[in-house]
Amino acid sequence: MITLGIETSCDETALCLLETRNSNPNDVLFTEYRILGNIVNSQINLHREFGGVFPMLAKREHIKNLPILYTKLLENSSISENNIDQIAVTNGPGLEPALWTGIVFAKELSQRLGIKILPVNHMEGHIVSTLIDEVEISKDFRELRKIQLPAIALLISGGHTEIVKVNNLGKYEILGNTVDDAVGEAFDKVARMLNLPYPGGPEISKYAEKARNENLENKIKLPRPMIHSKDLKLSFSGLKTAVLYTLKSFIDGGGIINENLIKEISREFENSVTEVLVSKVTRAINENETNTLIIGGGVIANKYMRKAFQDLSENKSIPLLLPPHSLTGDNANMIALVGVLNTKNSLEGHVEARGNLSLND
Ligand code: KG4
Ligand code: ZN
């Protein structure tokens, strides 16, 4: 079975060809896979001057790039399009104009080739991205990583921050959510305050690491929002404002934003976010039967956070699934895999863009 995956929910145009076979017809998790082709075209450089993703620009770029990348994908993988069995496409959540470009492209292709099209929830993609452990194009089939259910998943990206109970594939319960900004969004906004380029996550983490390596004195203290609230709600907008006030009082006191200040703030910000996330996930684990811990989404590219969750997993003796570094950000492999696993969220039917699609739907 060959699945074409298409992802256009934000600022990455991503396509892949995923070949799968099943070694146990009674259990879809016994899927074996090999990646025949994989392309991620990032628009980051174009959006950088806007300090974030500009939806209409994203739409224009996706429309321009999809046919070019599709041809390249077929060429690179030496697959004839007639061998594609099905198409999995992200239909939400995300920027609706951007989502539609992938869906329209998928619909035209599905009509021309006479194959089915499966809508995929992008956040479910981030969950299953942790089942893939190899993104290199290879001849050999590999097994999916094993997952013991129920699992607790923390999803942290530029648009979302949610703690999800995974009862089964396609059967999710959102236990907690951010009440304001997403974690990635907070990284991006704080980076902007520090005059660092978009996307801010990798920048902040780079400066935070320098502060730790150089053992810089810890003079800045930021809050740990909602860390003591007895629920799984999260909030990052106050933390962002606290950074703003810290900077303001520093400048008012005659200081300048120099590299050491950027390092210190970056480290304290990363510490705060990590402590809050680890604390909330610990609460979720304590309150729910958890046989696997899953962390997905662009922010888990963060090395410091990966280590913090590895420590938590060891302390709690709960196996941890993290995506390989190349699948932390948006990609089409995770979308194709959701289609293959054929969960409730990816059944054939009417496909339309749903910007606010939720895992609870
Ligand atoms: O999942 P993703 O690629 O796109 C969305 O679905 O939103 O996540 C993008 C987010 C951005 O906010 C980016 O700043 C953040 O992930 N990010 C990071 C790191 N790398 C990317 N945040 C913290 N540390 C990183 N190393
Ligand atoms: Zn994403």
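Everything quoted here is computed from the prediction, not taken from an experiment. Both ligands and their constituent atoms are indexed starting at 1 by order of listing.
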Aromatic plane relationship, F54 with F50 - under 30° parallel, 30 to 60° tilted, over 60° perpendicular
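Correct class here is parallel.
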Taking the side chain as every heavy atom from C-beta outward, state whether T8 and F105 have any pair of such atoms under 4.5 Å apart.
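No, side chains not in contact.
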Closest to atom 15 (C) of ligand 1 (judged by heavy-atom distance), picking from N302, V299, L327:
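The residue whose heavy atom sits nearest atom 15 (C) of ligand 1 is V299.
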Under 4.0 Å from a heavy atom of [X]: give me the atoms of ligand 1 that qualify, with their elements.
X    : result
G159 : 7 (O)
S157 : 1 (O), 5 (C), 6 (O), 7 (O), 8 (O)
G158 : 5 (C), 7 (O), 8 (O), 9 (C), 10 (C), 12 (O)
G184 : 12 (O)
G329 : 3 (O)

Check the Zn ion (ligand 2) and write out every protein N, O or S atom at under 2.8 Å, as residue and atom.
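Listed by chain and number, the atoms are H122 NE2, H126 NE2, D330 OD1.
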What's the verdict on side-chain contact (heavy atoms from CB on, under 4.5 Å) for V340 and V28, showing C-alpha distance, side-chain angles and the deciding distance?
CA-CA 9 Å; V340 170; V28 72; 5.6 Å; no
Between ligand 1 and [X], is the shortest N or O to N or O distance under 3.5 Å?
X    : answer
E12  : no
G201 : yes
G298 : yes

Using a strict 4.0 Å threshold on nitrogen-to-oxygen distance, state whether D181 and K189 make a salt bridge.
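Salt bridge between D181 and K189, a charged N being under 4.0 Å from a carboxylate O: yes.
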Give a yes/no verdict on whether any heavy atom in E270 is under 4.0 Å from an atom of ligand 1.
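E270: no contact with ligand 1 (<4.0 Å).
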For ligand 1, is H122 a contact, meaning one of its heavy atoms is under 4.0 Å away?
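True for this residue.
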Identify whether NZ of Lys or CZ of Arg in K146 sits under 6.0 Å from the centre of the six-membered ring of F30 and within 45° of that ring's axis.
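Verdict for F30: a cation-pi partner in K146.
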Where does H126 meet ligand 1, judged by heavy-atom distances below 4.0 Å: at the side chain, the backbone, both, or neither?
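Side chain only.
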Would you kindly specify which portion of D330 sits under 4.0 Å from ligand 1, judged on non-hydrogen atoms: side chain, backbone, both or neither?
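Both the backbone and the side chain of D330 come within reach of ligand 1.
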So, using ring-ring contact (aromatic ring centres under 6.0 Å, His included) as the criterion, who are the partners of Y245 when residues are at least two apart?
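For Y245 there are no ring-ring contact (aromatic ring centres under 6.0 Å, His included) partners, ignoring immediate neighbours.
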Assess whether side-chain contact (heavy atoms from CB on, under 4.5 Å) is satisfied between L57 and L46, documenting all intermediate values.
CA-CA 8 Å; L57 179 61; L46 293 170; 4.1 Å; yes
Among all protein non-hydrogen atoms, which one is nearest to atom 14 (O) of ligand 1, and what is the separation to 0.1 Å?
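For atom 14 (O) of ligand 1, the nearest protein heavy atom comes out as D188 OD1, 2.7 Å.
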Between the main-chain N or O of Q148 and the side-chain N or O of T292, is there a donor-acceptor pair closer than 3.5 Å?
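Yes, the answer is positive, given that a donor and an acceptor are paired below the 3.5 Å cut-off.
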Testing the basics here: between P119 and V351, what is the closest heavy-atom pair and its distance to 0.1 Å?
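Scanning both residues completely, I find the closest heavy atoms to be CB-CG1, 4.0 Å.
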